[in-house]
Undergrad: 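This is the structure I want to talk about, given as C-alpha cells.
Below, each value reflects all heavy atoms present in this structure, side chains not excepted, and no hydrogens, waters or symmetry copies. Remember, predicted model here, so these are calculated numbers, not experimental data. Note that ligands are numbered from 1 as they come in the structure, with each ligand's atoms numbered from 1 the same way.
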Amino acid sequence: MKGKAEVIIGAQWGDEGKGRIVDSLADRVDVVVRYQGGANAGHTVVVEGEKHIFHLLPSGMLYPGKTCVIGNGVVVDPEQFLSEIGELREKRKDKARLVLSEASHVVMPYHKIIDEAEEKRRSKGRKIGTTKRGIGPCYADKVNRIGIRVGDLLDPDSLRMKIIENLEIKNLLLTRIFNLPPIAFDDLMEKALDWGQQMRPYIGDGTAIVNEALDKGRGVLFEGAQGTLLDIDHGTYPFVTSSSAAAGGACIGSGIGPTRIDRVLGVAKAYCTRVGEGPFPTEELGEIGERLREAGGEYGATTGRPRRCGWLDMVALRYAVRVNGLGGIALTKLDVLTGLEQIKVCTAYEIEGRRHEILPSRLPEREDIQLHYESLKGWKEDLANCRRVEDLPPEAREYVRFIEENCKVPVVLIGVGSGREQTILCGL
Ligand code: GDP
Ligand code: IMO
Ligand code: MG
C-alpha cells in the first residue's frame, strides 16, 4: 500500500460503510483525502465502542501522524466544519493534521435556505429528498462561476465584492420567488470574515500536499462520499446529489491526474439501502425491508431519516464495477443478514422483453421493470467475531463467492460489525 493511491467509493446509493472502511485502511497510508460532497455525507466510524460521525472531515482524523485533506472538490459549510473540528478537539481525538483546500467552495447560509425552499416547491414525484445542507445550490454557483471559495474568506476586499454580487441575486430569489426574508449584507460579511479567521490555521494548498505525498512514495486514500447511483452524471438523475461521487471525482476533487490512481475499491453493503427519493428497483416495502432496517440500524447518519431497504442488486453493482473501474469490493454488513432463511439477490432486469445484467442508462418506472432473483441459503451463526474467511459459515462464504462470480471482481474485505476490528481482510 505504501506509495499507492487508492480510491474508496460507494458502489450503491450511499451509506455503504465508506467511513469505516477508510478508518480500517487508514493505518496503512499517510494521507486521507475527502474530495467531493459536503456535509450531506455522514460517515460512521466506531472505535473501542465509541461512535464518531464525520460529515466534512476525512475519516482518517482519528490517527496520529496522518495528514487529512479536504480537497478542492468538497463544498464546505464553515459552521459545520468548525463545530466538527471543535468537537473532535474537545474529545482530544483530532489526532491527524488537517488541511482545508483554499479552492474548496463555501456553502453559504443562502445555499441552505434555497436548498430547502426549492425542495419544498417541487411537486410530488419531483422531490429529491435532499439533506438540506445546501449542496445543490452551492455546486450550482460553483459551475456558474459565482461561488465563494474558502481562500476568499481570507481576502476581505474580494470577499466583499463576491458577497455583494451574490446577494443581489439571492435576495431577489428569496423575496420574490420564495417569499422569504432577505439576507443582510453586514451580518453575512461579518460572519464570513470570522469564519475565515477561525479556519485560517487549516487553510492550505490541498493539491500540492496530495501530489507531493505521492511524489515521495507515500500512500494516499481518497475517501468518496455518497455513492455511484447518486453521482451527478452516472446516478439515477435527477434523483442524485450534485457532485461526482464515482471514482473519476477523486481526480477532479483533489487535483491528481488519473494515471496516479492505482486501484479503486467499491464499498457495497450485502444488501441495498437508499435515503431520499428516486428509483430503487429491489426495494422491499414489507416485512423484509423492515427487518433489514432494524437489524442494520438503517437510519440516516446525517438526517436520521429511515433508510429504504432491499435485496442486493447485482445489476446496479455490475454498473458500479463498470463506471468506477473497480478492482475490488469491500462488502459490509454481512452480519446483518444472519438469521434469514433465504437471501435473495437480483441478478438481472427485464425491460420491454430485453434482459439487462448491467443498469441501462435510462430506467423506466418501477412497474415496467421485471426483476430476476436468485435465492441463496441463509445462515444462523453470529458473524461478529469472525476474522478470517474460514471463520464464516459455509452459506455466508457461498454468498460472498456468488457476488464475486456475478460481478467478476474479488471481495477483498468483509465487514461483520461496525467496530474497527470487525473486518475480514481477504485480499488486501
Ligand atoms: P458511509 O456513509 O458509507 O460511511 O456509511 P454510514 O456511516 O452512513 O452508514 C453505515 C452504517 O453501518 C454505520 O452505522 C456503520 O457503523 C455501520 N456499519 C458499517 N459496516 C458495518 C458492518 O460490517 N456491520 C454492521 N453491522 N454495521 C456496519
Ligand atoms: P454518505 O457519504 C446517502 C442523498 C439524499 C438525496 C440526494 C440529494 O453518507 O454516503 P443532497 O443533499 O446531496 O442534495 O441530496 O442524495 N444523499 C445521500 N444518501 N448517503 C449520503 O452520503 C448522501 N448524501 C446525499 O438523501 O436523496
Ligand atoms: Mg452515510
Undergrad: Indicate yes or no: does Glu118 engage Arg126 in a salt bridge with an N to O separation below 4.0 Å.
TA: no
Undergrad: May I ask you to test the Asn166-Asp141 pair for a side-chain heavy-atom distance under 4.5 Å?
TA: yes
Undergrad: Please confirm whether Trp13 comes under 4.0 Å of ligand 2, counting heavy atoms of the residue only.
TA: yes
Undergrad: Once ring-ring contact (aromatic ring centres under 6.0 Å, His included) is applied, do any residues pair with Tyr202, and if so which ones, sequence neighbours excluded?
TA: Phe81
Undergrad: In the protein, which heavy atom is nearest to atom 26 (O) of ligand 2, and how far is it?
TA: Arg305 NH2, 2.9 Å
Undergrad: Under the 6.0 Å and 45° cation-pi test, does Lys95 pair with Tyr63?
TA: no
Undergrad: How far is atom 15 (O) of ligand 2 from its nearest protein heavy atom, and which residue and atom is that?
TA: Thr130 CA, 3.4 Å
Undergrad: Report the nearest protein non-hydrogen atom to atom 23 (C) of ligand 2: residue, atom name, distance rounded to 0.1 Å.
TA: Gln226 CG, 3.6 Å
Undergrad: Sequence neighbours left out, what passes ring-ring contact (aromatic ring centres under 6.0 Å, His included) with Tyr349? Give chain and number order.
TA: none
Undergrad: Determine, for Lys191 against Asp194, whether the closest basic-nitrogen to carboxylate-oxygen distance falls under 4.0 angstrom.
TA: no
Undergrad: Donor-acceptor pair, distance only, cut-off 3.5 Å: does the side chain of Asp262 make one with the backbone of Lys4?
TA: no
Undergrad: Can you tell me which residue and heavy atom of the protein come closest to atom 4 (C) of ligand 2, and the distance to 0.1 Å?
TA: Leu230 CD1, 3.9 Å
Undergrad: Is Ala41 in polar range of ligand 2, meaning some N or O pair under 3.5 Å apart?
TA: no
Undergrad: Under a 4.0 Å threshold between the charged nitrogen and the carboxylate oxygen, would Lys269 count as salt-bridged to Asp15?
TA: no
Undergrad: Using distance alone, decide if ligand 2 has a nitrogen or oxygen within less than 3.5 Å of any nitrogen or oxygen in Asn40.
TA: yes
Undergrad: Given a heavy-atom cut-off of 4.0 Å, could you list the residues near ligand 1 in chain and number order?
TA: Asp15, Glu16, Gly17, Lys18, Gly19, Arg20, Gly42, His43, Thr44, Ala301, Arg307, Thr332, Lys333, Asp335, Val336, Gly415, Val416, Gly417, Ser418
Undergrad: Taking only Lys NZ, Arg NE, NH1 and NH2, and the carboxylate oxygens of Asp or Glu, determine whether Glu283 and Arg308 approach each other closer than 4.0 Å.
TA: yes
Undergrad: Salt-bridge test for Lys380 and Glu341: reply yes if a basic N is under 4.0 Å from a carboxylate O, no otherwise.
TA: yes
Undergrad: Counting heavy atoms only, which of Gly129, Gly14, Gly42, Gly276 is nearest atom 6 (C) of ligand 2?
TA: Gly129
Undergrad: Please report which non-hydrogen protein atom sits nearest to atom 13 (O) of ligand 2, along with the residue it belongs to and the distance in Å to one decimal place.
TA: Thr241 OG1, 2.6 Å
Undergrad: Quick one: nearest non-hydrogen protein atom to atom 3 (C) of ligand 2, plus distance?
TA: Asp15 OD2, 3.2 Å
Undergrad: So do the side chains of Ile183 and Leu167 get within less than 4.5 Å of each other, counting heavy atoms only?
TA: yes
Undergrad: Just to be careful: counting only protein atoms that are N, O or S, how many fall under 2.8 Å of the Mg ion (ligand 3)?
TA: 2
Undergrad: With a 6.0 Å cut-off (strictly less than), is the heavy-atom count around CD of Glu287, excluding the residue itself, greater than 12?
TA: no
Undergrad: Please list, in number order, the atoms of ligand 2 under 4.0 Å from a heavy atom of Ala225.
TA: 2 (O)
Undergrad: Do the charged groups of Glu290 and Arg293 touch, with an N to O distance under 4.0 Å?
TA: yes
Undergrad: Does the residue Val240 have a heavy-atom contact with ligand 2, meaning some pair of atoms that are separated by less than 4.0 Å?
TA: yes
Undergrad: Specify side chain, backbone, both or neither for Lys18, according to which of its non-hydrogen atoms lie closer than 4.0 Å to ligand 2.
TA: side chain
Undergrad: Could you name the option among Thr236, Ile232, Val275, Thr131 that has the heavy atom nearest to atom 27 (O) of ligand 2?
TA: Val275
Undergrad: Please determine whether any non-hydrogen atom of Arg274 lies less than 4.0 Å from an atom of ligand 2.
TA: no
Undergrad: For a side chain to side chain donor-acceptor pair (under 3.5 Å) with Gln36, tell me which candidate from Ser242, Ser243, Ser244 qualifies.
TA: Ser243
Undergrad: Does a donor on one side chain sit under 3.5 Å from an acceptor on the other, for Glu223 and Ser59?
TA: yes
Undergrad: Is Asn211 close to Arg260 at the side-chain level, that is, under 4.5 Å between some pair of heavy atoms?
TA: yes
Undergrad: Side chain or backbone of Arg133 under 4.0 Å from ligand 2, or both, or neither, by non-hydrogen atoms?
TA: neither
Undergrad: Are Lys408 and Glu405 ion-paired here, with the side-chain N under 4.0 Å from a carboxylate O?
TA: no
